[in-house]
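Accompanying notes for the structure given below.
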Number of protein chains: 2
Amino acid sequence: MVTIKDIAAILQVSPSTVGRALADDRRISAEMKRKVNEAATQVGYVANQAARMMRGVESNLVGLIVPDIRNSFYSTIAHALSRCLLSANYQLTLCETDDDRMLELRHIKELTSVNVAGIILVPSAKPHPDSARFLKMTPHIQLLRKQQLLGEQWFGIDDRRALYESTLHILSEGHRRIAYIGGTEALPTGAARVQGFREAVKTSSHQVDIHEELGAPSSPEFGREAVRRLLSLKERPTALVIGAVQNTSGVIDEIQDQALSVPRDISVVGFGDELGYRWWGPGLTTVQLPVSQLATACGLWFLHHLQNKGDLDTPYSFISPPQLIIRGSTAAPSNPR
Amino acid sequence: MVTIKDIAAILQVSPSTVGRALADDRRISAEMKRKVNEAATQVGYVANQAARMMRGVESNLVGLIVPDIRNSFYSTIAHALSRCLLSANYQLTLCETDDDRMLELRHIKELTSVNVAGIILVPSAKPHPDSARFLKMTPHIQLLRKQQLLGEQWFGIDDRRALYESTLHILSEGHRRIAYIGGTEALPTGAARVQGFREAVKTSSHQVDIHEELGAPSSPEFGREAVRRLLSLKERPTALVIGAVQNTSGVIDEIQDQALSVPRDISVVGFGDELGYRWWGPGLTTVQLPVSQLATACGLWFLHHLQNKGDLDTPYSFISPPQLIIRGSTAAPSNPR
DNA sequence: TTGAAAGCGCTAACAC
DNA sequence: GTGTTAGCGCTTTCAA
């Protein structure tokens with residue numbers, strides 16, 4: 001490993017001169033800076049961050065904790081954040097929790113241990129109390145999901161409104177037997193979404209039959225099973241409203257496998273917007289969430305506070321509105337009551 | 001920040017005793033260890049990795065460099081690797097290059113600077129010579145793409161064979177006017193894939209018309225344009241063979257927009273296997289690449305070498321075979337010559 | 001079984 | 001404008 005001492009030895013100057021030259025200190029002559037920089041690139045010098053940090057210089061690592069990076073929500077977030085952080089010379093450290101609170105705690109400890117400048121996290125369903133304790137030691141902000149326990153700052157999406165709007169759309173098409181397939185109410189997002197669904201239904205002046213399939217954890221498999229259960233009812237729902245990304249692919253696969261015609265036999269509103277939704281049958285009507293914008297906004301805000309030592313404790317929520325994308329999978333029911 | 005000194009002060013022992021107790025040194029009495037551990041959790045002590053590293057202890061960070069995490073190839077890789085590394089207590093640091101060699105170099109320097117234990121990378125098209133120089137200082141291994149310049153160890157996929165097989169499939173269906181839409185030959189993967197395409201064509205005993213659309217960089221937009229160009233030919237190809245993931249969605253979107261009937265008007269073989277490919281029209285026939293397995297194998301191998309100080313210099317290639325998934329988008333041409 | 005002390009590479013306060 | 005020196009938190013000799 002090449003250190004500033006080595007460079008100092010080569011140029012016959014003191015280590016501090018080299019250090020200052022590399023830090024572009026204004027007390028160092030241009031000539032010396034030139035020589036030092038030349039020698040540094042010559043021998044392939046790379047500053048030792050560990051040593052810097054021991055001197056109190058802040059780390060340029062930011063931890064990102066998400067459930068599963070393969071989920072396009074989270075890879076979009078990771079991408080947007082890494083772009084955003086890069087511009088300020090920060091690196092992203094990726095941690096996956098698989099929605100496991102112990103794993104989450106382990107990652108938080110680990111990140112604290114490497115002195116990350118901050119942590120951006122999508123918290124798990126029921127975080128460990130110790131996670132909150134360790135997070136107190138590090139600037140952090142929550143994304144998408146919000147757990148009171150972990151802090152007061154949050155960038156999220158209006159989940160209630162997302163489902164409110166997709167349900168309203170279905171109602172406006174004339175459906176009166178509607179099923180909701182979503183995640184558990186234990187997750188704040190899950191709770192907000194069913195709530196949105198229920199509220200929308202309440203606004204209807206007609207009598208509306210509803211079925212709720214709330215699964216934990218959300219998964220394609222749960223989506224499939226929910227569809228099977230719903231189709232076996234005497235009175236089948238004429239429309240399906242989905243309230244979790246992970247459920248969506250299972251639901252639409254099952255509908256395809258059962259050879260139902262969409263939207264004739266059944267209308268479907270998806271959640272999230274994966275690449276392939278537009279290819280499915282007549283195109284899946286869905287609520288699109290502005291995840292990329294959200295992550296960028298979050299990254300900028302976070303950076304701003306890291307750099308200005310601003311406090312990330314005062315409660316603040318940034319709520320971003322969803323957008324309904326209407327494709328071919330929703331229409332009026334073929335035989336309304 | 002809580003240090004071992006603080007714990008030492010609380011327990012009225014020396015810092016070294018605390019350090020040893022935490023390291024589970026066998027010379028420390030069980031009683032003392034118990035007290036130290038209790039005090040440590042009590043006050044929320046977290047070891048300072050920076051300080052450890054200064055003493056020569058290896059970092060537990062592994063750098064992952066990929067072009068774009070939103071690409072499902074790379075998010076799959078990131079997921080598989082992070083699982084794999086987690087079991088050995090390593091963390092993943094994510095870097096996106098956007099296929100930009102300067103960005104790649106910057107990331108490599110940065111990673112060297114934080115003393116990562118190693119680097120796993122999907123190299124860019126034409127890496128900067130300095131990247132090679134800095135990589136020499138750190139254990140590293142290449143994934144998917146292989147650049148001689150950057151090192152000798154590589155875990156990849158048999159790209160030549162992937163295209164060889166998809167082309168063979170198309171030929172066996174009876175097509176004689178075939179177009180290839182893929183990436184530039186400047187990338188090793190791109191080159192191998194066209195080569196596979198050409199070799200397959202050569203095996204045919206019939207006369208086969210081919211068109212090659214090689215784009216750089218690959219993108220949905222390029223895919224769309226390529227399709228438009230191909231469809232405007234007097235003699236339209238009856239089959240399309242795709243040789244790049246990024247092109248695939250553009251190609252199939254354009255075919256859908258042009259309202260072509262697949263496979264009647266044209267047959268299509270895709271590349272990679274995104275979630276939505278099975279929803280597109282009659283289902284997209286495609287070559288599936290075992291990316292997850294590949295990444296896991298790579299992670300295991302890498303860990304093994306990190307932990308055993310094994311050398312990662314001796315040339316070694318691990319090549320994984322692709323698999324053709326036949327769905328509905330390929331059939332015999334409706335009006336063969 | 002425990003303590004004292006050196007030193008990793010760097011920065012910054014203090015000299016000159 | 002440049003050199004000297006102390007010290008960040010930890011591990012690891014060497015001493016006791």
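Nothing here was measured: the structure is a model prediction, and the numbers come from that model. All values below come from the heavy atoms of this structure, side chains included, with hydrogens, waters and symmetry mates left out. A note on names: the letters A, B, ... follow the listed sequences, proteins ahead of strands, and every chain is numbered from 1.
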_side chain to side chain contact (heavy atoms under 4.5 Å, CB included) for A:Val114 and B:Val114? Distances and angles first, verdict last._
CA-CA 10 Å; A:Val114 296; B:Val114 295; over 6 Å; no

*asked:* For a side chain to side chain contact (heavy atoms under 4.5 Å, CB included) check, start with the C-alpha distance between A:Leu289 and A:Phe73, then their side-chain angles and the critical distance, and finish with the verdict.
replied: CA-CA 9 Å; A:Leu289 314 180; A:Phe73 266 32; 3.2 Å; yes

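If you check every strand for non-hydrogen atoms under 4.0 Å, B:Arg27 touches a base. Across all strands shown, A:Met32 has heavy atoms under 4.0 Å from sugar-phosphate atoms exclusively, and none from any base. Across all strands shown, B:Ser16 has heavy atoms under 4.0 Å from base atoms, whether or not it also approaches the sugar-phosphate. Contact annotation for A:Thr3: backbone-only contact, meaning every heavy-atom pair under 4.0 Å involves sugar-phosphate atoms and none involves a base.
Comparing the end axes of the helix from C:dT1-D:dA16 to C:dC16-D:dG1, each fitted to five base pairs by superposing C1' atoms of four pairs onto the next four, gives an inter-axis angle of 40° (nearest 10 degrees).
Checking A:Thr93 against B:Gln91 by side-chain atom types alone, no donor-acceptor pair falls below 3.5 Å. With 3.5 Å as the limit, one finds a donor-acceptor pair spanning the side chains of B:Glu104 and B:Ser124.
Comparing D:dT12, C:dT11, D:dG9 against the side chain of A:Arg52 picks out C:dT11 as the nearest. Comparing C:dT11, D:dG9, D:dG3 against the side chain of B:Ala51 picks out D:dG9 as the nearest.
Below the 3.5 angstrom threshold, one finds no donor paired with an acceptor across the side chain of B:Arg55 and the base of D:dG9. Side-chain atoms of A:Arg26 and base atoms of D:dG1 include no donor and acceptor less than 3.5 Å apart.
In this structure a side-chain-to-backbone donor-acceptor pair under 3.5 Å is present from B:Thr3 to B:Lys5.
The minimum heavy-atom distance linking B:Cys84 with B:Leu300 is given by the pair SG-N, 3.5 Å.
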